[in-house]
Amino acid sequence: MRISVITGASSGIGAAAALQLTRSGERVLITGRSREKLRSVHGALLAAAPDGTTVPEPIAADLSSLAGVRDLAKQILDRFPRVDVLVNNAAVQPSRRHVSADGFELGLAVNHLAPFLLTNQLAASIQAASGRVITTASSSHVKGSLDLADPQLTRGWSGVQSYGRSKLANILFTAELQRRTPLPASCFHPGAIRTDINRDSPFVRFVKPFERFVLKPPEQGADTLAWLATSAEGGAPSAVYYADRAPADSSPAARDAELAAHLWDLSMDLTGADPWPRIA
């Protein structure tokens, strides 16, 4: 059976996508930071799985550190030598500047370097399965700029800039993954969705009671993700960036091939990633 791996699946879009895919008979391995939340989502998957569909035990993982990413990859490969779908969905949106255990600005560490390294560590198994890679980006990428001379955002940090820059990096990474490797890769904008990604923001806590009136439920945000995971389009993407099950416009920076190449090289240096499979 196929196996799909979804990071950041203890709540929100990741959990909703896992449920949609499980209901359709897909075998889904969920990962996340909270063991308690993972147990709850896992229970929902077990209840929704059609007869004959197995639901793997989830894996708790801390993607804020490179060691945590490598450990997650090892656990996945120990259980599933071939990965059909990797969904890089985990993300943070801090309201204050934080630094990871490796010394990286937290938004860069979790939202870009973690999916870069996890994809790298699983690349051979994804290729062996003729699999695909999907990354959750955002229209917020238009609010971010990428200064590779200051990758840790030591100057001018803001929550909007940190998150927007990391989502821009997601699109650039996907584009370069298409150019440099044989892996089918795509990313998508889920829409304005009710999640707890920025739960530590005082403003967000204040407006929380009203968000149901202006934001869509996670199930709608997961729709394009599930489509890319199962459709022929997701297996041979005709675009880099999608929204509402269709190719979508991105910013000029997100289409900058030179910037994408430089970001790739920087990410290789920062993560110590292995050699990638190359397009023949």
Side-chain angles (χ1 to χ4, degrees), residues 3-8 17 63 66 69-70 72-73 76-77 82-91 108-138 141 144 146 148 151 165-190 224-225 227-243 247-280:
I3 181 70
S4 298
V5 176
I6 305 179
T7 68
L63 299 186
L66 299 180
V69 175
R70 291 182 184 277
L72 173 60
I76 292 170
L77 292 175
R82 293 159 67 103
V83 175
D84 297 273
V85 182
L86 171 62
V87 180
N88 293 307
N89 174 69
L108 177 73
V110 176
N111 300 0
H112 169 62
L113 294 180
F116 182 93
L117 181 58
L118 184 61
T119 305
N120 170 266
Q121 296 295 286
L122 300 179
S125 62
I126 298 169
Q127 184 180 20
S130 299
R132 62 190 72 180
V133 180
I134 303 161
T135 302
T136 304
S138 171
H141 78 273
L146 194 55
L148 297 182
R165 180 188 70 155
S166 70
K167 297 293 102 179
L168 171 60
N170 290 157
I171 302 175
L172 293 170
F173 165 56
T174 301
E176 200 67 5
L177 196 62
Q178 287 187 359
R179 282 192 284 266
R180 296 201 187 207
T181 79
L183 302 176
S186 59
C187 61
F188 72 102
H189 168 53
T224 298
L225 189 165
W227 173 71
L228 287 169
T230 57
S231 68
E233 176 69 18
S238 60
V240 171
Y241 178 62
Y242 292 81
D249 292 332
S250 58
S251 70
R255 302 190 299 273
D256 186 333
E258 184 176 356
L259 182 61
H262 287 317
L263 175 63
W264 181 280
D265 293 339
L266 175 65
S267 302
M268 288 291 292
D269 290 340
L270 294 179
T271 61
D274 297 334
W276 291 79
R278 293 188 175 275
I279 297 175

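Given the structure is predicted, the values throughout are model-derived calculations rather than measurements.
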Original post:
How would you list, by chain and number, every residue that makes a side-chain hydrogen bond (donor to acceptor under 3.5 Å, both in side chains) with Asn170, sequence neighbours excluded?
Top reply: Lys167
Original post:
Is the backbone of Ser138 close enough, under 3.5 Å, to the side chain of His141 for a donor and an acceptor to pair up by distance?
Top reply: yes
**OP:** Keeping the roles fixed (side chain from Thr7, backbone from Ala90), state whether a donor-acceptor pair exists under 3.5 Å.
**Re:** yes
Subject >> side-chain contact (heavy atoms from CB on, under 4.5 Å) partner of Pro237, chosen from Pro247, Pro184, Cys187, Ser231 >> reply: Pro184
**OP:** Quick one: pull up CG in Leu86 and CG in Leu183 and give me the separation to the nearest 0.5 Å.
**Re:** 9.5 Å
Donor-acceptor contacts under 3.5 Å from residues 270-277 side chains, at least two apart:
from	atom 1	to	atom 2	distance (Å)
Thr271	OG1	Ser267	O	2.7
Thr271	OG1	Ala273	N	3.4
Asp274	OD2	Gln121	NE2	3.1

Original post:
Got Pro151 and Leu266 here, is their nearest side-chain heavy-atom distance under 4.5 Å?
Top reply: yes
Original post:
To the nearest 0.5 Å, how far apart are OH in Tyr242 and CD1 in Ile134?
Top reply: 10.0 Å
Original post:
Judged by atom type as modelled, is there a donor-acceptor pair below 3.5 Å linking the side chain of Gln178 to the main-chain atoms of Ala239?
Top reply: yes
Subject >> Between CG on residue Leu72 and CG on residue Leu77, distance to nearest 0.5 Å >> reply: 9.0 Å
**OP:** In sequence, state the C-alpha distance, the side-chain angles, and the governing distance for Arg165 and Leu108, and then conclude on side chain to side chain contact (heavy atoms under 4.5 Å, CB included).
**Re:** CA-CA 8 Å; Arg165 180 188 70 155; Leu108 177 73; 3.4 Å; yes
Original post:
Between Leu117 and Asn120, is a side chain to side chain contact (heavy atoms under 4.5 Å, CB included) present by the stated rule, with each step listed?
Top reply: CA-CA 5 Å; Leu117 181 58; Asn120 170 266; 4.3 Å; yes
Subject >> Between CD1 on residue Ile76 and CG on residue Leu118, distance to nearest 0.5 Å >> reply: 5.5 Å
**OP:** Calculate, to the nearest 0.5 Å, the distance between atoms CG and CZ belonging to Leu263 and Phe173 respectively.
**Re:** 9.5 Å
Subject >> Heavy-atom closest pair, residues Arg82 and Ala128 >> reply: NH2-O, 2.9 Å
**OP:** Start with the C-alpha gap between Leu148 and Leu259, add the side-chain angles, then the distance that decides, and say whether side chain to side chain contact (heavy atoms under 4.5 Å, CB included) holds.
**Re:** CA-CA 9 Å; Leu148 297 182; Leu259 182 61; 4.0 Å; yes
Original post:
Angle class for the Phe116/Trp264 ring planes (parallel below 30°, perpendicular above 60°, tilted otherwise)?
Top reply: perpendicular
**OP:** Enter the distance from Leu172:CG to His112:NE2 here, rounded to the nearest 0.5 Å.
**Re:** 8.5 Å
Original post:
Which pair of heavy atoms, one from Ala229 and one from Val85, lies closest together, and at what distance?
Top reply: O-CG2, 3.8 Å
**OP:** Identify the two heavy atoms, one from Ile126 and one from Arg132, that lie closest to each other, and give their separation to 0.1 Å.
**Re:** CG2-N, 3.7 Å
**OP:** Search all heavy atoms of Thr224 against all heavy atoms of Ala243 and return the closest pair with its distance.
**Re:** OG1-C, 4.2 Å
Subject >> Partner of Val5 under side-chain contact (heavy atoms from CB on, under 4.5 Å), chosen from Val87, Val83, Asp84, Asn89 >> reply: Val83
**OP:** Return the minimal non-hydrogen interatomic distance between Leu122 and Ala73, and the atom names on each side.
**Re:** CD2-O, 4.0 Å
Subject >> Minimal non-hydrogen separation, Leu168 against Ser251, with atom names >> reply: CD1-OG, 4.3 Å
